[in-house]
Amino acid sequence: MSSVPQSLSFNEYRNVVFELLTQIPRGKVATYKQIAQLAGIKNPRLVGRILHTNTDDQKYPCHRVIRADGSIADGYAFGERFGQIVRLRTEGVEVLNHKVNLELYQWQK
DNA sequence: GCTGTGACTTCGA
DNA sequence: CTCGAAGCCACAG
């Protein structure tokens, strides 16, 4: 045993990330950096790539994942960023000027 | 196996 | 506040 997290496959990371998405409570958001750390991913860019493979936003709320500075990420795969913002506000997350107050809405920091 | 690219991050001007 | 550059890891061609 001894250690060895080793580099998991893209599919493995994707499984972990999607699992984390389902664990995010309603009204909370998580940053790419946060998810990456929880999933054991070193590079947050990988998280973005994984989310881009998401085909079911109903099951995996990728809209709850935002940038480290609280702003909405680019290239939302399910439409314009406006849709993502509206969805967040619907869940109770206040979005001001395309930004979210992580001090108030970040998921288990 | 090298090159290009990316739903990112952080610092500096 | 906006813009640019370097760092970072993994995948596609």
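Please read all numbers here as calculations on a predicted model, not as lab measurements. Proteins get letters first, then strands, A, B, ... in listed order; numbering begins at 1 in each.
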K.L.:
Between R14(A) (CZ) and dA10(C) (P), how many Å, whole number?
P.N.:
16 Å
K.L.:
Can you check the Y13(A) OH to dC11(C) C1' distance for me, whole Å?
P.N.:
13 Å
K.L.:
Give each protein N/O atom lying under 3.5 Å from an N/O atom of nucleotides 9-12 of chain B, with the pair distance.
P.N.:
residue : atom : partner : partner atom : Å
dT9(B)  : OP1  : A68(A)  : N            : 2.8
dT9(B)  : OP2  : A68(A)  : N            : 3.4
dT10(B) : OP1  : K33(A)  : NZ           : 2.5

K.L.:
Check whether K28(A) reaches the backbone of L104(A) with its side chain - one donor and one acceptor, N or O, closer than 3.5 Å.
P.N.:
yes
K.L.:
Let me know the distance between CD1 of I35(A) and P of dC9(C), rounded to the nearest Å.
P.N.:
20 Å
K.L.:
Does this structure show an ion pair linking K33(A) with D69(A), if we count only N-O contacts that are shorter than 4.0 Å?
P.N.:
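No.
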K.L.:
Checking the side chain of N43(A) only, and the main-chain atoms of R45(A) only, is there a donor and an acceptor separated by less than 3.5 Å?
P.N.:
yes
K.L.:
For E91(A) and H63(A), work out which heavy atoms get closest and say how close.
P.N.:
OE2-NE2, 3.2 Å
K.L.:
Shortest non-hydrogen contact from D57(A) to F78(A)?
P.N.:
CB-CE1, 3.6 Å
K.L.:
Among the candidates dA7(B), dG6(B), dC8(C), find the nucleotide nearest to the side-chain atoms of N43(A).
P.N.:
dC8(C)
K.L.:
Can you measure R49(A) atom CZ to dC8(C) atom C1' for me and round it to whole angstrom units?
P.N.:
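To the nearest whole Å, that distance equals 13 Å.
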K.L.:
Which residues pass the side chain to side chain contact (heavy atoms under 4.5 Å, CB included) test with V29(A), not counting sequence neighbours?
P.N.:
I66(A), L88(A), V93(A), V100(A), L102(A), Y105(A)
K.L.:
Which is more 5' along DNA chain C, the nucleotide nearest N11(A) or the one nearest N97(A)? Just name the residue.
P.N.:
N97(A)
K.L.:
How many whole angstroms separate atom NE2 of H52(A) from atom C1' of dA10(C)?
P.N.:
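Roughly 16 Å, once rounded to whole Å.
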K.L.:
For DNA chain B, what residues of residues 16-28 of chain A have any heavy atom nearer than 4.0 Å?
P.N.:
none
K.L.:
Which pair of non-hydrogen atoms, one from A30(A) and one from I24(A), has the smallest distance, and what is that distance?
P.N.:
CB-CD1, 3.9 Å
K.L.:
Choose from dA7(B), dT5(B), dC8(C) the nucleotide whose nearest atom is closest to any side-chain atom of R45(A).
P.N.:
dC8(C)
K.L.:
With side chains defined as the heavy atoms from C-beta onward, is the minimum distance between F18(A) and D56(A) less than 4.5 Å?
P.N.:
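No - every pair of side-chain heavy atoms lies 4.5 Å or more apart.
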K.L.:
From dC9(C), dC11(C), dA7(B), pick the nucleotide closest to the side chain of F10(A)?
P.N.:
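The answer is dC11(C).
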K.L.:
May I ask you to test the N11(A)-R14(A) pair for a side-chain heavy-atom distance under 4.5 Å?
P.N.:
yes
